[in-house]
Visitor: 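Take this structure, written in structure tokens, and hold onto it; I'll ask about it next.
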Amino acid sequence: MAFWTIDLTTRDGAENAAKTGGTVCFVATGLTVLGAILFSTIALQPGTTPVEAAVGGVVEAIIFLIAGFRLRGYKGAFWGSAAVLVLFAELLFKIVTLSFGGIIMNIILMIAIANGVRGAFALRSGKGFYEDEAEVFS
């Protein structure tokens, strides 16, 4: 099964989607920290300190880290949504700067995290899981 298709009709499918979204959030955290380190050491404007340059990356990394832990615990619907919004903003900037590798990477990360959010919302509602309904009548 491809990573962009998930099965939300079963509890196991929703849990798997949420776990995958959490793992991808951790990958995004690592990429963001790496980007913040590189940006704060290489692309400094005159008069800017490395700490000032890395603040945005640190805030993003914290959002991704919290979303990753929450999604791995099957409860990160809102933090995961915040992570998707951050990735969408990054995607817009990468489209403007024509960073083709970054565009592809962000799209893949956004799809996986959005599926994790969908899984977390499905687990939150707790309705419509066919195997749970079938157990009642067996």
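Sequence positions, counted from 1, serve as the residue numbers for this chain. Heavy atoms only: backbone and side chains are in, while hydrogens, waters and symmetry mates are out.
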Visitor: To the nearest 0.5 Å, what is the distance between CZ on R118 and OG on S81?
Guide: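 Reported to 0.5 Å precision, the distance equals 12.5 Å.
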Visitor: Measure the shortest side-chain to side-chain distance between I6 and N16 over non-hydrogen atoms and say whether it is less than 4.5 angstrom.
Guide: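 No; the side chains remain at least 4.5 Å from each other.
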Visitor: C25 and A67: which non-hydrogen atoms are nearest, and at how many Å?
Guide: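 Reported closest heavy-atom pair: SG-CB, 3.8 Å.
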Visitor: Do I103 and L91 make a side-chain contact, defined as non-hydrogen atoms from C-beta onward lying under 4.5 Å apart?
Guide: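 Yes, at least one pair of side-chain atoms sits under 4.5 Å.
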Visitor: Taking the six-membered ring for Trp, are F93 and F88 ring centroids under 6.0 Å apart?
Guide: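 Between F93 and F88, the centre distance exceeds or equals 6.0 Å.
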Visitor: Can you check whether L71 reaches W79 side chain to side chain, under 4.5 Å on heavy atoms?
Guide: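 Not touching, per the 4.5 Å side-chain cut-off.
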Visitor: Would a 4.5 Å heavy-atom cut-off, applied to side chains only, mark Y74 and R11 as touching?
Guide: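 Answer no - side chains too far apart.
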Visitor: Can you get from V27 to F64 by hopping between Ile, Leu, Val, Met, Phe, Trp and Tyr side chains that sit under 4.5 Å apart?
Guide: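 V27 and F64: one cluster.
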Visitor: Whether the side chain of R72 engages the backbone of G22 through a donor-acceptor N/O pair (distance < 3.5 Å, no angle test) should be reported.
Guide: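 No; judged by distance alone, with no hydrogens or angles, the pair does not exist.
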Visitor: Strictly below 4.0 Å, N to O, side chains only: are E90 and K94 in salt-bridge contact?
Guide: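 A salt bridge is present here (some side-chain N lies under 4.0 Å from a carboxylate O).
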Visitor: Same hydrophobic cluster for L87 and L65, using side-chain heavy-atom links shorter than 4.5 Å among ILVMFWY?
Guide: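 Shared cluster, no.
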Visitor: Working to the nearest 0.5 angstrom, can you tell me the gap between T32 OG1 and I37 CD1?
Guide: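 Taking OG1 in T32 and CD1 in I37, the distance rounds to 11.0 Å.
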Visitor: Are more than 12 heavy atoms from other residues, nucleotides or ligands located less than 6.0 Å from atom CZ of F121?
Guide: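 More than 12 within 6.0 Å, yes.
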Visitor: If hydrophobic clusters are built by linking Ile, Leu, Val, Met, Phe, Trp and Tyr wherever their side-chain heavy atoms come under 4.5 Å apart, do V86 and V33 end up in the same one?
Guide: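 Cluster IDs for V86 and V33 differ.
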Visitor: Under the criterion side chain to side chain contact (heavy atoms under 4.5 Å, CB included), which of T29, I111, I108, L109 is the partner of V24?
Guide: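 Among the candidates, only L109 passes.
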Visitor: Under 4.5 Å between side-chain heavy atoms, counting indirect links through other Ile/Leu/Val/Met/Phe/Trp/Tyr residues: same cluster for V84 and L92 or not?
Guide: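 Shared cluster, yes.
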Visitor: According to salt bridge (Lys or Arg N to Asp or Glu O under 4.0 Å), does anything in residues 95-104 pair up with another residue at least two apart or in another chain? List the pairs.
Guide: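 Listed once each, the pairs would be none.
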Visitor: Looking only at non-hydrogen atoms, find the nearest pair between G119 and A17 and report the distance.
Guide: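 So the two residues come closest at CA-CB, 4.3 Å.
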Visitor: When rounded to the nearest 0.5 angstrom, what distance separates CD1 in I95 from CZ in F100?
Guide: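 Result: 10.0 Å between the selected atoms.
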Visitor: Would you call I63 and E60 a side-chain contact if the rule is heavy atoms closer than 4.5 Å?
Guide: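 No; the side chains remain at least 4.5 Å from each other.
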Visitor: Do F69 and I113 belong together in a cluster built from hydrophobic side chains that touch within less than 4.5 Å?
Guide: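 Not linked; separate clusters.
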